[in-house]
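Hydrogens, waters and symmetry mates are skipped; everything else that's a heavy atom, side chains included, is used.
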Amino acid sequence: MAVDLDRAGGVPLLIQRLVSAGLVDGKQMTPSGLTIGEEANAAVETPGQDVVHPLSDPIKPNGGLVILKGNIAPEGCVVKIAGHERLYHHGPARVFDREEDAMSALTHGRIQAGNVVVIRYEGPRGGPGMREMLGVTGAIVGAGLGETVALLTDGRFSGATQGLMVGHVSPEAAHGGPIAALQEGDIIIFDIEARRLDVELSDAEIAERLSNWAEPAPHYTRGVFAKYATLVSSASEGAITQPLL
């Protein structure tokens with residue numbers, strides 16, 4: 001828990017490990033006026049703590065987050081592998097253009113074991129604001145499908161997400177990314193070890209589908225949300241807003 005990290009020495013201790021390993025540039029400035037290295041040097045490690053390990057003795061060989069790429073997500077997507085052991089899934093897509101429709105299908109028993117739930121148009125531009133899909137993922141687990149159903153979305157997740165759930169799919173559907181080309185029954189492959197997320201379609205088939213694609217009407221046509229949707233960048237670039245030229 002966060003309190004355990006704090007008692008062990010806190011974030012400064014974690015940064016100290018990363019700086020000493022050359023994984024973080026300690027010369028970069030922080031808002032305090034000190035460099036990252038100077039802040040890290042002030043860390044005080046609690047004797048005997050076993051929360052922040054040295055890099056020579058990691059808790060696991062890989063971190064809890066993995067980046068996948070493939071013909072669904074050429075700019076990448078994020079999957080959390082902490083908390084579950086399933087590293088492969090192969091199944092038919094159930095495609096929804098908003099979170100509420102996916103939740104309705106789930107609560108009415110229309111999602112079956114082996115399915116891949118696809119929730120799109122929930123990215124930075126499409127949401128707008130990259131809505132969090134925690135409700136649907138929790139409902140999948142609650143329905144007893146957590147070990148047999150996978151989910152992918154151009155929306156986002158929280159750290160409490162359980163199961164094989166892929167988020168931040170980029171480019172998002174509202175930008176005409178390949179996720180917008182997916183149809184009911186398409187076979188989706190999650191291969192975490194290979195770092196791949198793919199649909200069993202050729203590049204030509206995806207391109208043909210996207211040639212007939214048109215962006216849906218925006219949820220907002222004026223005000224701050226409309227401005228945000230117009231200016232926001234891809235999740236792969238941080239979902240930051242760009243200045244008008």
Side-chain angles (χ1 to χ4, degrees), residues 2 5 11-12 14-15 17-19 21-37 39-40 62-83 97-99 118-137 151-161 164-182 190 192 195-198 210 213 215-216 218-221 223-245:
L5 173 61
V11 173
L14 177 61
I15 300 301
R17 294 274 202 270
L18 297 174
V19 171
L23 299 174
V24 168
D25 184 359
K27 297 179 181 179
Q28 297 300 314
M29 294 299 297
T30 74
S32 72
L34 300 176
T35 66
I36 292 176
E39 291 282 10
N62 298 302
L65 296 176
V66 170
I67 304 300
L68 311 180
K69 290 190 176 182
N71 64 2
I72 296 176
E75 292 180 3
C77 58
V78 181
V79 58
K80 189 184 82 169
I81 59 173
D97 289 347
R98 61 176 191 154
E99 177 189 14
V118 177
I119 307 177
R120 61 190 179 187
Y121 297 106
E122 295 288 15
R125 177 180 174 86
M130 209 171 187
R131 296 205 295 168
E132 183 178 308
M133 302 294 110
L134 180 60
V136 176
T137 62
L151 183 148
L152 69 91
T153 180
D154 51 13
R156 63 184 176 90
F157 298 130
S158 78
T161 300
L164 185 51
M165 313 291 174
V166 170
H168 298 223
V169 171
S170 303
E172 63 175 292
H175 272 303
I179 187 175
L182 298 181
F190 298 69
I192 309 306
R195 303 296 193 259
R196 299 286 303 183
L197 176 66
D198 294 289
L210 290 177
W213 173 83
E215 183 181 355
H219 294 296
Y220 301 92
T221 57
V224 66
F225 287 134
K227 180 180 179 182
Y228 173 86
T230 299
L231 300 178
V232 71
S233 69
S234 172
S236 64
E237 298 174 346
I240 59 173
T241 53
Q242 308 287 353
L244 286 170
L245 299 178

Side chain of R120, backbone of I179: donor and acceptor closer than 3.5 Å?
yes

I need the minimum non-hydrogen distance between E172 and G126, along with the two atoms involved.
OE1-N, 2.9 Å

For L210 and A181, work out which heavy atoms get closest and say how close.
CD2-CB, 3.8 Å

Taking atom CD of Q242 and atom OG1 of T230, what is their separation to the nearest 0.5 Å?
12.5 Å

Shortest non-hydrogen separation from A173 to A180 and the atoms involved:
O-CB, 3.8 Å

Go through the steps to decide whether F157 and M165 satisfy the test side chain to side chain contact (heavy atoms under 4.5 Å, CB included), and finish with yes or no.
CA-CA 8 Å; F157 298 130; M165 313 291 174; 3.5 Å; yes

Roughly how far, to the nearest 0.5 Å, is the CG atom of L164 from the CG atom of L152?
9.5 Å

Whether T153 side chain and I119 backbone form a donor-acceptor pair below 3.5 Å
yes

Could you check whether any side-chain heavy atom of D25 comes within less than 4.5 Å of a side-chain heavy atom of I36, counting everything from C-beta outward?
no

By side-chain hydrogen bond (donor to acceptor under 3.5 Å, both in side chains), which residues pair with R195, not counting sequence neighbours?
none

Looking only at atom types and distance, does a side-chain atom of D154 sit under 3.5 Å from a main-chain N or O of Y121, one as donor and one as acceptor?
yes

Could you state the interatomic distance from CG (L134) to OG1 (T161), rounded to the nearest 0.5 Å?
5.0 Å

Hey, mind stepping through I67 and V78 against side chain to side chain contact (heavy atoms under 4.5 Å, CB included) and telling me if it holds?
CA-CA 5 Å; I67 304 300; V78 181; 3.7 Å; yes

What one should report as the nearest heavy-atom pair of H175 and V232 is NE2-O, 4.1 Å

Shortest non-hydrogen contact from C77 to G167?
CB-O, 3.4 Å

Write down the atom of T35, the atom of T30, and the distance for their closest heavy-atom approach.
C-CG2, 3.9 Å

Quick one: side-chain contact (heavy atoms from CB on, under 4.5 Å) partners of P171, sequence neighbours excluded?
P74, E75, P178

Has the side chain of T241 got a donor or acceptor atom that lies under 3.5 Å from a matching backbone atom of Y228?
no

Could you note down all residue pairs passing side chain to side chain donor-acceptor pair (under 3.5 Å) where residues 124-133 supplies at least one of them, sequence neighbours left out?
E100-R131, E122-R131, R125-E215, E132-R156

Would you say the side-chain atoms of D198 pair up with the backbone N or O of G70, donor to acceptor, closer than 3.5 Å?
no

